[in-house]
Student: 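This is the structure I have questions about; it appears just below.
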Amino acid sequence: MGTSVTALTERLADLATGAWLDTARVTGVSRLSPELVRVELTADAFRKATWVPGSKIQFRPRRGTMALRTYTPVAWDTERGVTELVAFTHGDGPAAEWFRQVSVGDPCELFGPRRSIDLREPGGPVIFVGDESSVALACALHTVTDDVTHVFEAGDPAGLADVLPVLGIAGRVAVVPKTADRADLLRRAREAAAAGPATLVVTGDAATVHAVRRDSRGWPRAPRQVKGKAYWAAGRTGLD
Ligand SMILES: Cc1cc2nc3c(=O)[nH]c(=O)nc-3n(C[C@H](O)[C@H](O)[C@H](O)COP(=O)(O)OP(=O)(O)OC[C@H]3O[C@@H](n4cnc5c(N)ncnc54)[C@H](O)[C@@H]3O)c2cc1C
């Protein structure tokens, strides 16, 4: 009885969610490090999409549930119907698990792209602050401008610093260890701001986004504009 109710619930979740999700195929997987993976997705539906750098897709990592997880396309090729994601496989959430096990030929149920951060026309230099979950956004920004100073925090700074150039993120890049007070991260961002008014783009850990936003209010040269978004928060699942 219990099993059949569960099976029915899963079937209903599949029907309800499947009606508004597109199915893409995984056409490429590249393990960039033990914790970062780049995945290429191909779908006919992608040919009709309108992509804005910084926008998001949402996908269903587990059939039989309605839980969605949010990721950032690195770029979008409408002619070929192809996009790419870069995922941080931290922890044992459903998305991290999906990305850890993904292989070429797998289906991926998703919808999007939909607006999130809009990186078009950053209007001058950009200070980009983020973490491992923000790497794809840095790549998306790279399609718009190279005038960027990056400051990343990471659990494994050396590992992330090795991966970034492979993705074309080079030049003004600092990767600092993640610490509770974020002192080094805030100092580096403030130093970058001393060069002149810039657009601040900050994503990743909700607590970091909050701390950087607050600190930027005291910068001698205030940011021209702030584009900030929490990508995840300790103890919370599936932020959108
Ligand atoms: C607009 C938007 C765009 C995003 N783009 C990307 C992207 O391109 N690449 C990417 O890797 N992530 C991205 N994220 C973050 C990603 O959606 C979350 O990390 C998501 O929670 C992962 O799902 P999960 O099923 O693995 O873990 P969940 O089930 O959501 O969470 C399980 C546990 O892991 C913790 N957790 C979740 N993410 C992290 C993390 N990054 N570091 C440490 N602990 C974490 C949670 O607090 C929770 O305790 C984006 C988020 C948003 C809102």
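Counting starts at 1 for both ligands and their atoms, following the listed order.
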Student: How close does the nearest protein non-hydrogen atom get to atom 52 (C) of ligand 1, and which residue and atom is it?
Tutor: Tyr231 CD1, 3.4 Å
Student: Which of the atoms of ligand 1 are close to Ala95, meaning less than 4.0 Å from one of its heavy atoms?
Tutor: 23 (O), 24 (P), 25 (O), 26 (O)
Student: With atoms numbered from 1 as shown, which atoms in ligand 1 lie under 4.0 angstrom from a non-hydrogen atom of Pro94?
Tutor: 25 (O), 29 (O)
Student: Report the distance from atom CD of Glu109 to atom CZ of Arg63, rounding to the nearest 0.5 Å.
Tutor: 4.5 Å
Student: Can you list the steps and then say if Leu164 with Val135 is a side-chain contact (heavy atoms from CB on, under 4.5 Å)?
Tutor: CA-CA 8 Å; Leu164 292 173; Val135 170; 4.2 Å; yes
Student: Does the protein put a heavy atom less than 4.0 Å from atom 33 (C) of ligand 1?
Tutor: no
Student: Side-chain heavy atoms under 4.5 angstrom apart, residues restricted to Ile, Leu, Val, Met, Phe, Trp, Tyr: same cluster for Phe152 and Val148?
Tutor: yes
Student: Given that the side chain starts at C-beta and the backbone is N, CA, C, O, which of these parts of Ala233 lies under 4.0 Å from ligand 1, counting heavy atoms, or is it both or neither?
Tutor: backbone
Student: Do Ser134 and Thr203 pass the side-chain hydrogen bond (donor to acceptor under 3.5 Å, both in side chains) test, and can you show the C-alpha distance, the side-chain angles, and the key distance before you say yes or no?
Tutor: CA-CA 6 Å; Ser134 317; Thr203 58; 2.9 Å; yes
Student: Let me confirm one number: the CG-CZ distance from Leu41 to Phe46, rounded to the nearest 0.5 Å.
Tutor: 5.5 Å
Student: Counting heavy atoms only, which part of Arg236 comes closer than 4.0 Å to ligand 1: side chain, backbone, both or neither?
Tutor: backbone
Student: At less than 4.0 angstrom from any non-hydrogen atom of Ser116, what atoms of ligand 1 do you find?
Tutor: 1 (C)
Student: Does any N or O of ligand 1 fall below 3.5 Å from an N or O anywhere on Gly238, backbone included?
Tutor: yes
Student: Atoms of ligand 1 less than 4.0 Å from Ala234 heavy atoms?
Tutor: 47 (O)
Student: Are Ala136 and ligand 1 in contact, using a heavy-atom cut-off of under 4.0 Å?
Tutor: yes
Student: Under 6.0 Å between the ring centres of Phe59 and Phe111?
Tutor: no
Student: What part of Trp232, side chain from CB on, backbone N/CA/C/O, both or neither, has a heavy atom under 4.0 Å from ligand 1?
Tutor: side chain
Student: Under 4.5 Å between side-chain heavy atoms, hopping through other hydrophobics if needed: is there a path connecting Leu160 to Phe99?
Tutor: no
Student: Is Leu239 in polar range of ligand 1, meaning some N or O pair under 3.5 Å apart?
Tutor: no
Student: Hey, can you pull the donor-acceptor pairs under 3.5 Å for the side chains in residues 82-98, sequence neighbours left out?
Tutor:
residue	atom	partner	partner atom	Å
Thr83	OG1	Ala75	O	2.7
Thr89	OG1	Glu35	O	3.2

Student: When hydrophobic residues are tied together by side-chain contacts of less than 4.5 Å, even through go-betweens, does Tyr231 share a cluster with Val151?
Tutor: no
Student: Of the protein's non-hydrogen atoms, which lies at the shortest distance from atom 50 (C) of ligand 1, and what is that distance?
Tutor: Thr70 O, 3.2 Å
Student: Please work out which of Leu68, Leu36, Thr72 has its closest non-hydrogen atom nearest to atom 8 (O) of ligand 1.
Tutor: Thr72
Student: Name the residue from Ile117, Thr145, Leu119, Leu141 that meets the side-chain contact (heavy atoms from CB on, under 4.5 Å) definition with Pro53.
Tutor: Leu119
Student: What is the closest protein heavy atom to atom 49 (O) of ligand 1, and at what distance does it sit?
Tutor: Gly235 N, 3.7 Å
Student: Would you please say whether a donor-acceptor pair under 3.5 Å links the side chains of Arg182 and Thr208?
Tutor: yes
Student: Ignoring hydrogens and angles, state whether a donor on the side chain of Gln58 or Arg114 is under 3.5 Å from an acceptor on the partner side chain.
Tutor: yes
Student: In terms of atom number and element, which parts of ligand 1 are under 4.0 angstrom from non-hydrogen atoms of Ala87?
Tutor: 11 (O)
Student: As a check for students: among Ala96, Ser133, Gly54, identify the option with a heavy atom nearest to atom 6 (C) of ligand 1.
Tutor: Ser133
Student: Below a 4.0 angstrom heavy-atom separation, can you tell me which part of Ser134, side chain or backbone, both or neither, approaches ligand 1?
Tutor: neither
Student: Check step by step if side-chain contact (heavy atoms from CB on, under 4.5 Å) holds for Leu137 and Lys227.
Tutor: CA-CA 12 Å; Leu137 187 71; Lys227 296 171 190 257; over 6 Å; no
Student: Just need the protein heavy atom nearest to atom 31 (O) of ligand 1, so name the residue and atom and give the distance.
Tutor: Thr237 CG2, 3.7 Å
Student: Can you check which of Arg69, Gln58, Glu35 brings a heavy atom nearest to atom 23 (O) of ligand 1?
Tutor: Arg69
Student: Among Phe59, Phe88, Tyr71, which one puts a heavy atom closest to atom 22 (C) of ligand 1?
Tutor: Tyr71
Student: Find the distance between CG (Asp240) and NZ (Lys229) and round it off to the nearest 0.5 Å.
Tutor: 6.0 Å
Student: Quick test: of every protein heavy atom, which one is nearest to atom 44 (N) of ligand 1, and how far off is it to 0.1 Å?
Tutor: His90 CD2, 3.0 Å
Student: So, is Asp240 polar-close to ligand 1, with some N/O to N/O distance under 3.5 Å?
Tutor: no
Student: Any chance you could measure Leu68, atom CG, to Leu21, atom CG, to the nearest 0.5 Å?
Tutor: 6.5 Å
Student: So which protein heavy atom does atom 27 (O) of ligand 1 come closest to, and at what separation?
Tutor: Gly93 CA, 3.6 Å
Student: Is it the side chain, the backbone, both or neither of Val86 that has a heavy atom closer than 4.0 Å to ligand 1?
Tutor: backbone
